[in-house]
Amino acid sequence: MAFGTLTVVPVPAPRVIDRKVAAGAMLLAPVAAAPLAAAAVLVVLACSAVRVPALACAGLALAAIALGSRGLHLDGLADTADGLGASYDRDRALEVMRRGDSGPTGVATLVLTLIVQCGALTGAVLAGHGEAAIAVAVLAGRGVLPLCCARGVPSARPDGLGATVAGSVRLPFAVLVPVVLAGVSTLAPGLPWWRGPVAVGVAFAAAGVLLFRCARRLGGITGDVLGGCVEAGVTAALLAMAPG
């Protein structure tokens, strides 16, 4: 479920999707994102080898991630922004998010987010640690999903992806994920040992802020909110690693 939902990697569909399977998929989200991180790292390395300008390198790496995830999280970010900006009425906001098209608020949020991501990754590439920055950001961004699906976080709707995974992850496991990611990130080549854990912490803080806002505004999570939290985490992590 983790690979099939979060990537274009062809895998057999799970025979049963229940709370246990949903929890496992969310906990394994960073593992499922490893092929995306690897693809982005290869793009950065290839661009560096042939002296592609840093901004173009950043754009190509982010495009590889978007293609490898079917643009799922970017779409979720745009829909979440449209819902939050549409109306103070909860039902109206959820209706806007369900439509699937993007309004001006969603488009503006998506464009500005990609600009910030490209700018931050460009800075990391110029500083010589673009590969480490994109790898940590991709894994940290997907690592926020267990937090979003922790026990006590409700679903905004009775159906959909949000209803399937909401509240499925036990809180100790949701807390363990960022600890493990922070530990692994200390090994990121080209970065001071502390830079990776800081990026992971910032990613979870940014996703947590958006999660809190959506829980209060919408009454819980949806699949779109999960995508928005992932992109918030990626953006924050890249910004934390942009300086040299």
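Scope of the values below: all heavy atoms of this structure, side chains included, with no hydrogens, waters or symmetry mates.
Summarising the geometry of Leu218 relative to Arg90, their closest heavy-atom pair is O-NE, 2.6 Å, with the distance given to 0.1 Å. Between Gly196 and Val136, the shortest heavy-atom distance links the atoms O-CG1, 4.3 Å. Heavy atoms only, all atoms of each residue included: Leu181 and Gly143 are closest at CD1-CA, 3.8 Å. Across every non-hydrogen atom of Gly83 and Val96, the tightest pair is N-CG1, 4.3 Å. The shortest heavy-atom contact between Ala236 and Ala203 is CB-CA, 4.0 Å. The two residues Ala81 and Gly106 make their nearest non-hydrogen contact at CB-CA, 4.1 Å.
Side-chain heavy atoms closer than 4.5 Å link hydrophobic residues (I, L, V, M, F, W, Y) into clusters, and following such links, possibly through other members, connects Leu191 to Leu238. Hydrophobic clustering (side-chain heavy atoms under 4.5 Å, transitive across Ile, Leu, Val, Met, Phe, Trp, Tyr) keeps Val198 apart from Phe204. Hydrophobic clustering places Leu147 together with Val169 (ILVMFWY residues linked when any side-chain heavy atoms are closer than 4.5 Å, directly or through intermediates). Put simply, Leu72 and Leu67 are part of two different groups of oily side chains (I, L, V, M, F, W, Y) that touch within less than 4.5 Å, one to the next.
Among the candidates Leu77, Val107, Thr105, Asp224, the single residue satisfying the side-chain contact (heavy atoms from CB on, under 4.5 Å) test with Asp82 is Thr105. Leu36 pairs in a side-chain contact (heavy atoms from CB on, under 4.5 Å) with only one of the listed residues (Ile134, Val138, Leu139), which is Val138.
Two residues are said to be in side-chain contact when any heavy atoms from C-beta on lie closer than 4.5 Å; Val116 and Leu112 fail this criterion. Residues Val43 and Cys47 have side chains in contact (heavy-atom distance under 4.5 Å, counting atoms from C-beta outward). No side-chain heavy atom of Leu239 sits under 4.5 Å from any side-chain heavy atom of Val202. Side chains of Leu110 and Ser102 form no contact here, defined as non-hydrogen atoms less than 4.5 Å apart. Two residues are said to be in side-chain contact when any heavy atoms from C-beta on lie closer than 4.5 Å; Thr186 and Pro197 meet this criterion. Using a 4.5 Å cut-off on side-chain heavy atoms (C-beta onward), Asp75 and Arg70 make no contact. In this structure the side chain of Val144 never reaches within 4.5 angstrom of the side chain of Leu211, judged on heavy atoms.
Residue Met241 holds its CE atom at 8.5 Å from CZ of Arg195, rounded to the nearest 0.5 Å. Atom CE of Met26 and atom CZ of Phe173 lie 15.5 Å apart (nearest 0.5 Å). The line from CE of Met97 to CZ of Arg157 is 6.0 Å long, rounded to the nearest 0.5 Å. Atom-to-atom distance recorded for Ser155:OG and Ile221:CD1 is 6.0 Å, nearest 0.5 angstrom. Summarising the geometry, atom OG1 belonging to Thr80 is positioned 8.5 Å from atom CG belonging to Leu226; distances are rounded to the nearest 0.5 Å. In this structure, Leu60 CG and Ile65 CD1 are separated by 11.5 Å, a value rounded to the nearest 0.5 Å.
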Would Leu42 and Glu131 satisfy side chain to side chain contact (heavy atoms under 4.5 Å, CB included), going step by step from the backbone distance to the final call?
-> CA-CA 8 Å; Leu42 289 175; Glu131 313 93 88; over 6 Å; no

After noting the C-alpha distance and the side-chain angles of Val234 and Arg142, does the key distance pass the side chain to side chain contact (heavy atoms under 4.5 Å, CB included) rule?
-> CA-CA 8 Å; Val234 170; Arg142 276 64 180 176; 3.6 Å; yes

Report the C-alpha distance between Leu145 and Cys229 in whole Å, list the side-chain angles of each, state the deciding distance to 0.1 Å, and finish with yes or no for side chain to side chain contact (heavy atoms under 4.5 Å, CB included).
-> CA-CA 8 Å; Leu145 289 174; Cys229 288; 5.9 Å; no

Could you give me the CA-CA distance, side-chain angles and deciding distance for Leu84 and Leu210, then say whether side chain to side chain contact (heavy atoms under 4.5 Å, CB included) is met?
-> CA-CA 10 Å; Leu84 293 176; Leu210 180 58; 4.2 Å; yes

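Within a 6.0 Å radius of CZ in Arg170, no more than 12 heavy atoms belonging to other residues, nucleotides or ligands are found. Crowding of Arg213 atom CZ: a count of heavy atoms from other residues, nucleotides or ligands under 6.0 Å not exceeding 12.
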